[in-house]
Amino acid sequence: MDNENKNNPNRPFSTFDWSNLTDEHISRPKDVTSDMWTPISAGKPQPDRRPSGNLVDRQKSVKSTAKESGGAKNKNNASRNKSKSARPPQKNKTHPARTAQKKSAHTAKQKKPAPQEPERRSAAKEKRAQLEKARERRAYENEKRQYEKASESYNRQRYRGSSREELSKKRAKKKRRSKSFYAVTITAGILLAAVTATLVYCFAVGSPIAVIEVSGKSAYSSGEVISACGVVTGENIFTVSEKKVNAVLCRALPYIGSVKLKRNFPDKLVLVVTPTSEKYLIANKNSYICLDKNGKILSAKKQKARDGVYRLDGFKGQSVQPGEIYTPCKEDEKRFESAKRIVAALEGASIKKANVIKLDSADNIIVVYDSRFNIYLGSADNAEDKLSLAAKVIKSSVTNNNTGYIDVRYDSRAYFNEGKMEY
């Protein structure tokens, strides 16, 4: 601002004349240089500075005002530069680490990419889902509160509707129920404690065995069974294990199939013995291995085949121990499985006199019937159908004196030849 205008007390605030304004809402400018706040209209009357209607006059006035303002600005800039040059240089008070942090944050903010359209969509979708869940939760809680209020009002109405006599009856019934519940609970607890104490006494102290008896049919005498069972008198009758007695007796005495223990209190133990019988005879060097139906070795001695006992030829000899389960060697595993399958088929077809099975070849198995006929099976495949067909031939064609062979190697076809038996 020029010094001339600054010293003039009645200088105009601007080129626009504010004296013609009559709007009460627009405040007039104040004289900031005077001692008191006085409006400009208090001084000399100002000339009419409203823009003229001529375009040329308006352009001239604009240029002249621009020149005046430019000169004033140049003067003010010169004075400011002088004052700046006269001031001593000030140090930067900001911390360098903070400025670097601000710069890095600013650059990261500038470099942050705008969210893509799919991300915005997914975010909006998640927000909608959350709002939907919140709305459902509020609805559920509202329904729950309504239901609780309804149930409370119903209970109050029911309680109020009942008479004093009914209420007293209900209370008495409730007391009786609680008393009976407590009585049953106490009785059950006493019984459980008594049973527990009895069991503890029986297993801790128990009753010593005074008598051991043997019942059931067996190939062994009672003394042999009692001495081999491993149970002695004076032992606790409750601690004797049936599983252990079974394992000891069935191994020591092979012709015993199973044993059950019967405890006659206070001091008597009875061994109920079930025998086992011979099922297979397997040629083994100069003797035969005798097996039961479960494959347990009963004996290893030379004996003849008889009804109900099947002699299996074609096996290799091996050392065995009576009482153990028979385990054939690798070469005899398939033969033994085929033999068990053929024996089951013979029993199913009711061919009772067929007691010898020759398993020298897996593709040429021969079953000897009553030492008079050979039944050629071929392989063990479809043994049930083949032997049922052989049973029909035996029933219709075989008499008590004739000999020969029956060929059922081909499915659904049997050939009967009467003559000399061929081994």
Side-chain angles (χ1 to χ4, degrees), residues 118-216 226 229-250 257-274:
E119 295 178 357
R120 287 201 298 270
R121 288 180 181 175
S122 62
K125 189 175 181 180
E126 291 178 359
K127 192 171 183 179
R128 286 196 298 272
Q130 291 176 0
L131 293 173
E132 186 67 23
K133 286 182 180 178
R135 187 164 58 253
E136 290 177 358
R137 181 65 181 174
R138 288 195 296 271
Y140 169 75
E141 290 176 355
N142 190 13
E143 290 180 0
K144 187 177 179 182
R145 285 194 294 270
Q146 291 178 359
Y147 174 76
E148 289 175 355
K149 288 180 180 178
S151 62
E152 288 176 1
S153 63
Y154 172 75
N155 291 331
R156 284 196 298 270
Q157 291 175 3
R158 187 178 65 174
Y159 185 77
R160 289 173 184 171
S162 58
S163 62
R164 290 184 178 181
E165 294 180 358
E166 292 177 354
L167 289 175
S168 61
K169 287 180 181 179
K170 287 180 181 178
R171 291 193 188 106
K173 190 175 182 181
K174 190 174 181 180
K175 285 183 180 180
R176 286 196 300 272
R177 284 180 179 177
S178 61
K179 287 181 181 179
S180 61
F181 173 75
Y182 288 131
V184 170
T185 305
I186 292 169
T187 306
I190 293 171
L191 289 175
L192 182 62
V195 170
T196 305
T198 305
L199 291 174
V200 169
Y201 172 78
C202 290
F203 283 98
V205 180
S207 178
I209 299 172
V211 180
I212 301 174
E213 291 184 357
V214 179
S215 66
I226 293 170
C229 70
V231 181
V232 294
T233 56
E235 189 176 349
N236 190 351
I237 196 171
F238 295 100
T239 59
V240 178
S241 174
E242 184 175 303
K243 185 177 180 180
K244 187 176 179 181
V245 172
N246 255 294
V248 171
L249 270 179
C250 294
S258 63
V259 180
K260 288 186 178 181
L261 299 183
K262 187 177 179 182
R263 296 176 176 87
N264 293 336
F265 297 103
D267 55 359
K268 188 176 182 181
L269 183 67
V270 180
L271 305 177
V272 182
V273 178
T274 302

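Remark: K179 pairs with no residue by the side chain to side chain contact (heavy atoms under 4.5 Å, CB included) rule, at least two apart or across chains. The side chain to side chain contact (heavy atoms under 4.5 Å, CB included) test applied to I212 returns I209, I226, V231, T233, L271, not counting sequence neighbours. Listed by chain and residue number, E141 satisfy the salt bridge (Lys or Arg N to Asp or Glu O under 4.0 Å) test with R137 (two or more places apart in sequence, or in another chain). Residues meeting the side-chain hydrogen bond (donor to acceptor under 3.5 Å, both in side chains) test with E242, sequence neighbours left out: none. Contacts of E143 classified as salt bridge (Lys or Arg N to Asp or Glu O under 4.0 Å), with partners at least two apart in sequence or in another chain: none.
For the side chain to side chain contact (heavy atoms under 4.5 Å, CB included) test with L261, the passing option among V272, I237, V240 is V240; the others fail.
The closest side-chain heavy-atom distance from K133 to Q130 is not below 4.5 Å.
For G257 against C250, the heavy-atom pair with the smallest separation is O-SG, 3.3 Å. Considering every non-hydrogen atom in both P208 and G234, the closest pair reads CB-O, 3.7 Å.
For CZ of F265, the number of neighbouring non-hydrogen atoms (other residues, nucleotides, ligands) closer than 6.0 Å is greater than 12.
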Derivation and outcome, side-chain contact (heavy atoms from CB on, under 4.5 Å), residues R176 and K173: CA-CA 5 Å; R176 286 196 300 272; K173 190 175 182 181; 3.8 Å; yes
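Applying the side chain to side chain donor-acceptor pair (under 3.5 Å) test to every pair with at least one member in residues 262-273, sequence neighbours left out, gives these pairs: E213-K268.
Interatomic distance, Y182 OH to T187 OG1, rounded to the nearest 0.5 Å: 14.5 Å. To the nearest 0.5 angstrom, T185 atom OG1 is 11.0 Å from I190 atom CD1. With rounding to the nearest 0.5 angstrom, the CD atom of E148 is 5.5 Å from the NZ atom of K144.
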